Amino acid sequence: MKKTYYLFNAGRLSRKDNTLKFTAIDQDGVEGSIRYIPIESVSDLFCFGALDANASLFNFLGKQQIAVHFFDFYEHYTGSFLPKEYLLAGKMQIEQTRHYISKGKRIVIASKFIEGASANILKNLRYYQSRGKDLQSIIESIEKFSGQIKSVVEIDELMGIEGNIRQKYYESFDLIINDFSMGGRSKQPPSNEINSLISFGNMMCYSLCLGQIYHTQMNPTISFLHEPGFRRFSLALDLSEIFKPILVDRVIFKVLNKREIQAKDFDFQGNKVLLKDASRKIFVRAFEERLNETIRHRSLNRNVSYKHLVKLECYKLTKHILGMEEYKPFKIWW
């Protein structure tokens, strides 16, 4: 089974027959350990260190349909190498564009994203409410905001509701998480440990969604909730709204409350807080474990992983755009 590989160290990536050869290189340019990765086992690559590679290597990756996602020293997502979009279809491009241009069609899809996100947020809150956390007032506020989604007719209004839901939701983090204080959301730069984990985890979720969109006929630059912009795959931002509470936030609660990541695992640089290399690896491992967890799917009647749920969400959206089946966002039911 193919899986994601994470390259945390700086190094050189090259082709060695039908394998990938990664040679670690330290700050002085001295070569270190060598790692061989069988190409048939790779679904995509996440690069957190400086990567030395040539056109021949990327041609090889492109032919194997392997995407590469890049992050800089400050944990910012900087871009992706995506192979030729082999599944793109003219009919899908036309219909996806029509759904964006049509105000009515667009608001239907955009509302579904926030509907799914709010349902999964409430599921998180009720889970911790049942475990002794006093979250009732926050739950009631988010339920009130969620009730307004169906009456919205403008994207800006919908984004305002989404912002209100997120603001109330983030208030719960100080109650759910032990030993850390969030004190509000700060992104660029993240001002404390929780914000650092949220920013890093959200980028991981965004990259995951982008990778799954790539394996459908949809164009990742044509979105419905977020405005399409230059040089960004905004449809991945749309889909990630549904999955961030499930995949990112639950992992953050786990690694902090179980003390897998502690205060000493963060790098404080003035007004900026970053994960140290070791803690970044801990979070990525916990994130991967979450992706590989399986649930019994009600309609498929078989076990599927959380990662596969993201792919299924892409297929559901595809069917909606093509007029085959109404899109219903994924909501945790257990």
Side-chain angles (χ1 to χ4, degrees), residues 1-84 189-190 196-197 199-212 214 231-233 236 248 251 255 260-261 264-269 272-292 307:
M1 180 181 294
K2 292 189 175 184
K3 63 179 182 179
T4 299
Y5 283 84
Y6 299 89
L7 304 177
F8 291 98
N9 299 323
R12 182 185 306 111
L13 188 65
S14 58
R15 176 181 180 178
K16 178 68 173 177
D17 299 323
N18 281 324
T19 65
L20 295 176
K21 177 184 177 183
F22 180 76
T23 305
I25 301 176
D26 66 18
Q27 295 179 344
D28 299 320
V30 178
E31 294 187 358
S33 60
I34 295 175
R35 179 184 181 188
Y36 291 96
I37 306 172
I39 195 69
E40 64 272 10
S41 70
V42 182
S43 63
D44 48 13
L45 296 167
F46 281 63
C47 299
F48 296 98
L51 185 69
D52 180 11
N54 57 27
S56 176
L57 184 277
F58 283 105
N59 283 332
F60 180 51
L61 293 175
K63 291 177 181 177
Q64 299 295 326
Q65 306 297 332
I66 295 173
V68 187
H69 306 290
F70 297 96
F71 301 80
D72 66 15
F73 175 77
Y74 296 104
E75 299 170 358
H76 298 139
Y77 168 80
T78 56
S80 297
F81 164 77
L82 293 175
K84 182 180 178 181
S196 178
L197 285 170
S199 294
F200 183 71
N202 286 352
M203 287 189 297
M204 296 289 294
C205 188
Y206 167 82
S207 301
L208 168 69
C209 291
L210 175 58
Q212 298 306 312
Y214 170 76
R231 291 190 284 184
R232 74 170 184 173
F233 303 108
V248 179
V251 170
V255 297
E260 294 174 18
I261 294 179
K264 63 182 178 62
D265 296 314
F266 294 88
D267 185 10
F268 296 83
Q269 300 181 3
K272 182 184 304 179
V273 180
L274 303 174
L275 286 161
K276 292 182 179 179
D277 288 343
S279 53
R280 192 184 297 134
K281 292 177 182 178
I282 292 171
F283 184 88
V284 167
R285 183 169 60 248
F287 185 77
E288 272 292 305
E289 289 173 355
R290 181 67 169 171
L291 291 183
N292 291 326
K307 184 174 184 178

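If you read the sequence from its start, that first residue is 1, and numbering goes on from there. All of these numbers come straight from a predicted model, not from anything done at the bench.
Looking at residues two or more places apart in sequence or on another chain, you find a side chain to side chain contact (heavy atoms under 4.5 Å, CB included) between Ala67 and Asp44, His69, Leu82, Pro83. When the side chain to side chain donor-acceptor pair (under 3.5 Å) test is applied to Thr23, no partner is found at least two apart in sequence or on another chain. Legend: residues meeting side chain to side chain donor-acceptor pair (under 3.5 Å) with Glu40, ordered by chain and number and at least two apart, are absent. Remark: Phe81 pairs with Phe58 by the ring-ring contact (aromatic ring centres under 6.0 Å, His included) rule, at least two apart or across chains. In this structure, the side chain to side chain donor-acceptor pair (under 3.5 Å) partners of Glu260, at least two apart in sequence or on a different chain, are Lys254. Partners of Phe70 under the ring-ring contact (aromatic ring centres under 6.0 Å, His included) rule, at least two apart in sequence or in another chain, do not exist in this structure. Residues that satisfy the side chain to side chain contact (heavy atoms under 4.5 Å, CB included) test with Asn59, not counting sequence neighbours, are absent from this structure. Applying the side chain to side chain donor-acceptor pair (under 3.5 Å) criterion to Ser196, with sequence neighbours excluded, gives no partner residue.
Of the inter-residue distances, the one linking Phe200 atom CZ with Cys205 atom SG reads 12.5 Å to the nearest 0.5 angstrom. Expressed to the nearest 0.5 Å, how far CZ of Phe71 lies from CE of Met204 amounts to 6.0 Å. The structure places CG of Asn9 at 11.0 Å from CD1 of Ile25, a figure rounded to the nearest 0.5 Å. In this structure, the separation between CG on Leu7 and CD1 on Ile37 is 5.5 Å, given to the nearest 0.5 Å. Within the model, atoms OG of Ser80 and CZ of Phe233 stand 6.0 Å from one another, a figure rounded to the nearest 0.5 Å. Atom CD1 of Ile34 is separated from atom CZ of Phe22 by 11.0 Å, given to the nearest 0.5 angstrom.
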Test side-chain contact (heavy atoms from CB on, under 4.5 Å) on Thr4 and Leu208 and set out the steps.
CA-CA 10 Å; Thr4 299; Leu208 168 69; over 6 Å; no

The test is side-chain contact (heavy atoms from CB on, under 4.5 Å); show your working for Val251 and Leu197 and say whether it passes.
CA-CA 10 Å; Val251 170; Leu197 285 170; over 6 Å; no

Between Leu210 and Tyr77, is the side-chain contact (heavy atoms from CB on, under 4.5 Å) condition met? List the steps.
CA-CA 12 Å; Leu210 175 58; Tyr77 168 80; 3.7 Å; yes

Determine, step by step, whether Leu51 and Leu45 satisfy the side-chain contact (heavy atoms from CB on, under 4.5 Å) criterion, reporting the C-alpha distance in whole Å, the side-chain angles of both residues, the deciding distance to 0.1 Å, and the verdict.
CA-CA 11 Å; Leu51 185 69; Leu45 296 167; over 6 Å; no

Run the side-chain donor-acceptor check on residues 282-292: report pairs under 3.5 Å with partners two or more places apart or on a different chain.
{"residue": "Glu288", "atom": "OE2", "partner": "Tyr6", "partner atom": "OH", "Å": "2.6"}
{"residue": "Arg290", "atom": "NE", "partner": "Ile246", "partner atom": "O", "Å": "3.1"}
{"residue": "Arg290", "atom": "NH1", "partner": "Glu293", "partner atom": "OE1", "Å": "3.2"}
{"residue": "Arg290", "atom": "NH2", "partner": "Ile246", "partner atom": "O", "Å": "3.3"}
{"residue": "Asn292", "atom": "ND2", "partner": "Glu288", "partner atom": "O", "Å": "3.1"}

Can I get a per-line list of side-chain donor-acceptor pairs under 3.5 Å for residues 273-280, giving both atom names and the distance, sequence neighbours left out?
{"residue": "Lys276", "atom": "NZ", "partner": "Lys264", "partner atom": "O", "Å": "2.9"}
{"residue": "Asp277", "atom": "OD1", "partner": "Arg280", "partner atom": "NH1", "Å": "3.1"}
{"residue": "Ser279", "atom": "OG", "partner": "Asp265", "partner atom": "O", "Å": "2.7"}
{"residue": "Ser279", "atom": "OG", "partner": "Lys276", "partner atom": "N", "Å": "3.0"}
{"residue": "Ser279", "atom": "OG", "partner": "Lys276", "partner atom": "O", "Å": "2.9"}
{"residue": "Arg280", "atom": "NH2", "partner": "Leu275", "partner atom": "O", "Å": "3.4"}

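Phe60 approaches Thr19 most closely through the heavy-atom pair CE2-O, 4.3 Å. Between Val30 and Asp26, the shortest heavy-atom distance links the atoms N-OD1, 2.8 Å. Taking all atoms of both residues into account, the shortest heavy-atom contact from Leu13 to Leu57 is O-CG, 3.6 Å.
Listed by first and then second residue, the salt bridge (charged side-chain N to carboxylate O under 4.0 Å, His left out) pairs that reach into residues 4-20 are Arg12-Glu31, Arg12-Asp52, sequence neighbours excluded. Each salt bridge (charged side-chain N to carboxylate O under 4.0 Å, His left out) pair with one or both residues in residues 54-63, not counting sequence neighbours, would appear here, but there are none.
Remark: the backbone N or O of Lys3 is paired with a side-chain donor or acceptor of Ser43 at under 3.5 angstrom.
Few gaps surround CD on Gln269; more than 12 heavy atoms of other groups in view lie less than 6.0 Å from it.
Val42 is not listed as a side-chain neighbour of Leu61, based on a closest heavy-atom distance of 4.5 Å or more.
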